[in-house]
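Report on one structure; see the data block that follows.
Every chain is numbered from 1 and lettered A, B, ... according to where its sequence line falls, protein lines coming before strand lines.
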Number of protein chains: 2
Amino acid sequence: MATQTVNHAQKLALVDKTFFDLPPAIADALEQAALTTSYPTGAVLFAEAQASRGVFIVRRGRVKLSICGSDGRTLILRIVNAGCPLGVAAVVSGRQYEATAETQEPSEISFLRHSDLLRLMRLHGELALWVTQHIAQDYAATCREIRDLILSDSASEKLARLLVGWLDQNTTSKYPTQVKLALTHEEIGQMIGSSRETVSRLLAGFKKQHLIQQSGSTLVIPDRLALESLITA
Amino acid sequence: MATQTVNHAQKLALVDKTFFDLPPAIADALEQAALTTSYPTGAVLFAEAQASRGVFIVRRGRVKLSICGSDGRTLILRIVNAGCPLGVAAVVSGRQYEATAETQEPSEISFLRHSDLLRLMRLHGELALWVTQHIAQDYAATCREIRDLILSDSASEKLARLLVGWLDQNTTSKYPTQVKLALTHEEIGQMIGSSRETVSRLLAGFKKQHLIQQSGSTLVIPDRLALESLITA
DNA sequence: AGCGATGTGTGATCCCCATCACCGGCCGGT
DNA sequence: ACCGGCCGGTGATGGGGATCACACATCGCT
């Protein structure tokens, strides 16, 4: 799956962006121990229930985190961007990975072996704290995920929630009412726990009510409040 | 809510049971900083979305961990027994509690303030590791919870899964095919994400199929395999 | 005993959404 | 251009479970 190793100059350029909240000395130590490689779309970094080999850190690209039931149905937990470490909880507790990580687009990913992470954590208390806080963050995100899936058996509510969630990630953009739709209806369905067909139907309904407009792969949400009124309905 | 402080002798008797996997020196330090109190049934230790004040450690009794949606529906994440720390993730990441903790029976609970935990973690690397692993454990448990809720929209499958899960906790007991039913149907419904009525109906159905028998508050599960065959159906 | 609160059993109804089926569009390959 | 895969729309159908509406049991309380 790994196709190409990036050179050292590229590595250094990425340092501050990824480990910006860590002291430089520790960031350097991580760089030394990590192996950064490029992956094509659809590469599986690790799979649910595999024994943990180490942590993966997204340097560039987007990675899909999902869990799947025995019947083959899939739930996408979230899609992470650059800067996010994956598999940390599994490594520090010596368990198996709890989810499957798969690249959504060509990505550069650093890998840090089990033993190297633990060694560095023992060496640098700051790193141990950083790891702990990241796990706590993942825990919180997972709890919120549960809330969103449970508190509404209505699919339209969950879809509306997902859309406004996307808007919230967009505060940096020049067009705060637009979202790039990088997911298929099938994948959207896997994010809100419903079928592809209902996603199609719901989006069609939203368009009919002028809650959203679609041109190509960009969604325009003219009236955010109207969408939000569907939530907690 | 706190009604009574236990005396020092009781404290010492509890030490090894709760912190058995920690070095004695650290366990002692935790004892020094912690405040142990008794709570009646139904006391709320902390509520979802509250700012975190510190961690709670169950010394005796059982505590219900739940999250609730804006419409008032409730999902019980799990019921924890003695020895389990609660609210750790919220404290180390300085966030709000992600769930609500409520005593299910009269319980003794130790409380350790935010600042004291962080201070002790900085002092003892072992403690920091202990905390991290507990959070990772909670994360894994939450992921499994999601799996169980998602992979089956069928309520009977989820109920069957819950029952065999209870059997698994019972390996210590003299009667490995029996479970003490300490929850109401309503609460069971909140554990598997369905209504009280369907739980009643499902249990009635199970009885009719001789998958379970009930005498008073004890459930007998004569044929565990038959129940398991409902899962992944 | 009497009474409220709480937990449980069960019927009737209804609606949301999964599922099946099919079609049309778009794109990439040879 | 032809085809084969993926993606997206949309109708028809059916079922599982939520919800409403009762009746009954149990228990603690004064």
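- At the heavy-atom level, B:Ser195 lies under 4.0 Å from base atoms of the strands shown.
- The pair B:Glu98-A:Arg147 meets the salt-bridge criterion, since a charged nitrogen lies less than 4.0 angstrom from a carboxylate oxygen.
- Rounded to an integer number of Å, the gap from CD of A:Glu186 to P of D:dG8 is 9 Å.
- What separates NE2 of B:His185 from C1' of C:dT8 is a distance of 7 Å, to the nearest Å.
- At least one donor-acceptor pair under 3.5 Å links the side chain of A:Thr103 to the backbone N or O of A:Ala43.
- Distances shorter than 4.0 Å separate some side-chain N or O of A:Lys207 from OP1 or OP2 on D:dG9.
- What separates CZ of B:Arg196 from P of C:dT10 is a distance of 12 Å, to the nearest Å.
- C:dC17 atom C1' lies 11 Å from atom CD1 of A:Ile192, rounded to whole Å.
- One finds no salt bridge joining A:Glu108 and A:Arg59 here, because no Lys/Arg side-chain nitrogen approaches an Asp/Glu carboxylate oxygen to under 4.0 Å.
- Between A:Thr198 and B:Arg201, the residue anchored nearer the 5' end of DNA chain D, judged by the nucleotide with its closest heavy atom, is A:Thr198.
- Within a 6.0 Å radius of NZ in A:Lys207, other residues, nucleotides and ligands contribute more than 12 heavy atoms.
- The listed nucleotides are D:dG8, D:dT10, C:dT10; the one nearest the side chain of A:Ala204 is D:dT10.
- To the nearest angstrom, C1' of D:dC6 lies 12 Å from CD of A:Glu187.
- Of the residues near DNA chain D, B:Leu202 and A:Gln214, the one whose nearest nucleotide (by heavy atom distance) lies more toward the 5' end is A:Gln214.
- A:Leu230 has its CG atom 14 Å from the P atom of C:dC16, to the nearest Å.
- A:Gly193 comes within 4.0 angstrom of the backbone, heavy atoms only, and of no base.
- Distance, A:Gln190 CD to D:dG8 P: 12 Å, rounded to whole Å.
- Listed nucleotides: D:dT19, D:dG17, C:dC20. Nearest to the side chain of B:Glu197: D:dT19.
- Few gaps surround CZ on B:Arg95; more than 12 heavy atoms of other groups in view lie less than 6.0 Å from it.
- Atoms CG (B:Asp153) and P (D:dG14) sit 19 Å apart, rounded to a whole Å.
- Listed candidates were D:dG9, C:dG9, D:dA18. Nearest to the side chain of A:Ser200 is D:dG9.
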